[in-house]
Amino acid sequence: MAERLRAALGARGAASEADSAVQQLEAPAQPPADLAVALHRPARRSGRTAEGLARELAEEFRGLADFRQISAQGAYLNFEVDPALLGIRTLDLILSRGGAYGHGSPQTSRVSVEHTSANTTGPFHIGRVRNAVLGDTLARVLRAAGYPVTTQYYVDDVGRQAAVITWFWSRPAAEWPPELLAELPVGWAHRAAGQKPDHFRGAPYPAATAFLKSHPEAAEEVQALARDLERGREPPRHHELAVEILGGMTASLERLGISFDEFVWESSLLTDGSVEEVRRRLAAAPHAVQEENGAAAIDATGYHLPTEGARIIVARADGTSLYVTRDVAFHLRKFRSYDRVIDVLGADHKLHAQTLEALLTEIGETRRPEFVIYAYISAPGGGKMSSRAGTAVYLDDLLEEAVRRAAAEVARRHPDLDPAQARRIAEMVGAGAIRYSILRVAAEKTVTFQWEEALSFEGRSAPFLQYSYARASSLLRKAEATEGPYPYAIEELAGPWERTLLTTLSRLPGTVAYAARTGHVHTLAGYAHELAEEFNRFYQEVPVLRAESGRRSRVALVAAARQTLGNTLDLLGVEKLDRM
RNA sequence: GGGCACGUUGCACAGCCUGGAUCAGUGCACCGGAUUCCUAAUCCGGGGGUCGUGGGUUCAAAUCCCACCGUGCCCGCCA
């Protein structure tokens with residue numbers, strides 16, 4: 001089709017417009033047309049009126065295979081795909097590929113997606129969860145697009161923040177500064193038994209940070225600890241503490257369906273000498289300079305960083321390295337194992353990303369990571385989420401509330417459901433709702449957290465999708481057709497709802513490809529909603545089990561819709577439910 | 001002050017990459033309907049929008065360019 005159009009335009013002296021015209025074939029068109037091309041520009045090129053050219057081409061393309069009709073509508077050339085053909089292709093593809101429907105062909109380039117990478121200083125608040133949800137979904141989408149993907153969580157166990165945790169916990173309780181303890185909520189340590197380790201161990205962190213600001217001698221202890229970590233001299237309990245807190249953090253993420261292929265400990269970059277190697281290369285870099293106090297830096301005047309000074313410090317006066325220096329080492333390591341390196345970063349790390357790129361240039365590295373930047377989620381009512389200010393909303397609290405509300409709904413609908421199963425459903429509904437509320441918004445959009453928004457169970461929400469899936473499952477159960485094959489006759493699926501549903505089903509592969517290419521995973525959330533909406537419409541208007549004729553074909557359509565919606569839910573990381 | 005991002009109905013968002021024809025759409029909220037029938041966490045109908053403002057490019061701009069305004073983030077020998 002594209003070639004015919006290209007040739008036809010070429011023959012009329014409008015070859016230069018052929019590409020953009022062909023491109024329009026990809027975009028959705030105005031019903032009833034399935035494909036449409038605007039001919040204003042080609043017409044001008046070839047010295048005709050757009051209307052005239054449209055008529056001419058419509059005539060030339062008449063009777064082209066696969067199309068029911070090709071017609072001129074004003075300046076537009078409209079193509080109506082033969083619905084039967086589209087339906088057959090779509091159904092056959094879905095029913096034969098099953099769980100792989102929508103997926104791309106295998107790719108060879110290996111991809112690393114680094115996401116979350118939160119410091120082990122306390123529990124997740126939902127601002128940070130956005131990173132995890134985005135990164136995890138992106139990884140799912142890239143896998144579906146055919147790439148071998150490795151997800152990586154970069155754990156900072158050598159920086160000052162890690163040192164603060166160890167500084168506090170490695171001393172006997174009797175030596176905890178009373179001034180610091182006074183800042184902690186009453187009974188913080190007594191609740192320890194029932195608390196997750198990230199909450200318990202992380203509790204003193206904000207107060208400790210504040211305390212250190214006003215107590216230089218204590219701050220020096222922390223700095224000394226950091227120096228030890230830098231030299232590979234790990235204080236007792238340091239690693240266990242990090243592991244313990246990290247365990248609490250990742251346990252929460254697992255409830256959202258998020259796990260990692262690899263945890264990369266920052267200290268490993270020091271012990272294997274790769275940070276040292278980076279420092280040597282930076283010292284020999286074209287713009288290497290020395291600060292008066294001995295700190296090593298790069299003169300970044302030429303990089304136009306939006307900083308006040310034009311110096312990037314790469315090693316402190318005391319010889320310890322900085323986060324960005326270690327991150328250069330980490331990226332060099334990633335470049336060795338992966339062809340595409342993707343970093344999911346909060347908007348507050350944009351400067352860090354630019355700095356990292358400048359340093360890569362300095363050492364003569366030409367490869368670059370791709371950054372997926374997302375905006376932070378503000379606290380309810382606006383402002384930053386801060387543990388100190390008490391404005392943070394924690395993932396665990398949100399999950400608890402979501403599951404509680406979901407459980408109430410389940411109990412109301414199915415009072416006699418087995419309690420274990422009811423709990424399972426509530427968990428999946430609650431977790432799905434949270435995940436979807438994050439996913440449906442474009443990453444670069446700043447959002448202000450609202451409980452009702454995150455906990456919505458109707459309309460544009462995960463439970464709406466899950467409910468649609470459950471309805472389809474229920475239908476197949478009752479039709480005793482939970483397994484194929486699903487024979488059908490396409491002429492029995494010619495009604496308006498069936499047609500629209502089929503068209504929507506056919507759009508998954510394109511949507512996945514787009515999301516993988518651009519990283520805009522929210523488009524997939526939008527697609528899922530459209531698909532569920534279309535299915536519900538069909539469900540409402542078209543009887544399946546009670547169908548007087550064509551029941552088997554409708555069952556096949558339901559099976560295909562369930563499969564497609566299910567595949568989409570897998571990509572979104574929302575659990576599929578066969579009943580709810 | 002500088003850099004970057006965002007600004008679409010009462011609220012929350014999609015559409016912007018690749019400009020097109022009833023493309024201004026979705027959810028919530030509001031109003032009115034649908035359940036003897038496959039799960040009403042559903043469906044149907046209705047009201048409501050100068051697509052921040054002003055220029056520019058174009059046959060055509062929510063979509064591209066410039067300026068301005070507003071909001072957010074960043075500008076550490078923190079991460």
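Residue numbers start from 1 in every chain, and the chains themselves are labelled A, B, ... in the order their sequence lines are given, proteins ahead of strands. Small disclaimer: the values here were computed from a predicted structure and weren't measured.
Side-chain polar atoms of A:Glu230 and A:Ser321 form a donor-acceptor pair below 3.5 angstrom.
Open room surrounds CD on A:Glu480; 12 or fewer heavy atoms of other groups in view lie less than 6.0 Å from it. When the shell of 6.0 Å around CZ of A:Arg227 is examined, it contains more than 12 heavy atoms from other residues, nucleotides or ligands. Residue-environment remark: CZ (A:Arg579) stays at or below the threshold of 12 foreign heavy atoms within 6.0 Å.
Side-chain proximity of A:Gln540 to B:A5, B:U42, B:U39: nearest is B:U42. Of the candidate nucleotides B:C44, B:U39, B:C59, B:C59 has the atom lying nearest to any side-chain atom of A:Arg44.
Residue A:Ala406 is out of contact with every strand shown, counting any heavy-atom pair closer than 4.0 Å. Here A:Tyr154 lies out of heavy-atom contact (under 4.0 Å) with every strand. As judged by a 4.0 angstrom heavy-atom cut-off over every strand, A:Glu533 is placed among residues touching the sugar-phosphate backbone only. Residue A:His529 is in sugar-phosphate contact alone, with no base atom involved, counting any heavy-atom pair closer than 4.0 Å across all strands shown. A:Val155 comes within contact range of no nucleotide atom at all, as no heavy-atom separation falls under 4.0 Å. Residue A:Val555 is out of contact with every strand shown, counting any heavy-atom pair closer than 4.0 Å. Looking at heavy-atom distances under 4.0 Å, A:Gln354 makes no contact with the nucleic acid at all. Using a 4.0 Å heavy-atom criterion, one finds that A:Val441 contacts the sugar-phosphate atoms exclusively. Note on A:Phe464: only backbone sugar-phosphate atoms sit closer than 4.0 angstrom, heavy atoms only; bases stay farther off.
A perpendicular orientation is assigned to the rings of A:His349 and A:Tyr323, their planes being inclined by more than 60° (bins at 30° and 60°). In this structure, A:Phe449 and A:Trp451 have perpendicular ring planes: the angle between them is above 60°, well past the 30° mark.
Put simply, A:Ser474 has a side-chain N or O that comes within less than 4.0 Å of OP1 or OP2 on B:U39. For B:A40, the OP1/OP2 oxygens have a side-chain nitrogen or oxygen of A:Arg471 closer than 4.0 Å. In terms of phosphate contacts, A:Arg460 brings no side-chain nitrogen or oxygen within less than 4.0 Å of OP1 or OP2 of B:A14. Proximity of A:Tyr469 to the phosphate of B:U39: no side-chain N or O atom is located under 4.0 Å from OP1 or OP2.
Pairing of B:G49, defined by two Watson-Crick or G-U wobble distances under 3.5 Å, is not identified with any nucleotide. Of the nucleotides present, B:G25 is the one that pairs with B:C13 by Watson-Crick or G-U wobble criteria, both distances under 3.5 Å.
Place A:Tyr467 and A:Ala442 on RNA chain B by their nearest nucleotides, and A:Ala442 ends up nearer the 5' end.
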5' to 3', nucleotides 71-79 of chain B under a 4.0 Å protein heavy-atom cut-off (B base, S sugar-phosphate only, - none) gives -SSSBBBBB

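Electrostatic pairing of A:Arg423 and A:Glu427 does not count as a salt bridge here, judged by no charged N lying under 4.0 Å from a carboxylate O.
With rounding to the nearest 0.5 angstrom, the CG atom of A:Leu241 is 12.0 Å from the CG atom of A:Leu246.
Rounded to whole Å, atom P of B:C11 lies 22 Å from atom CG of A:Leu455.
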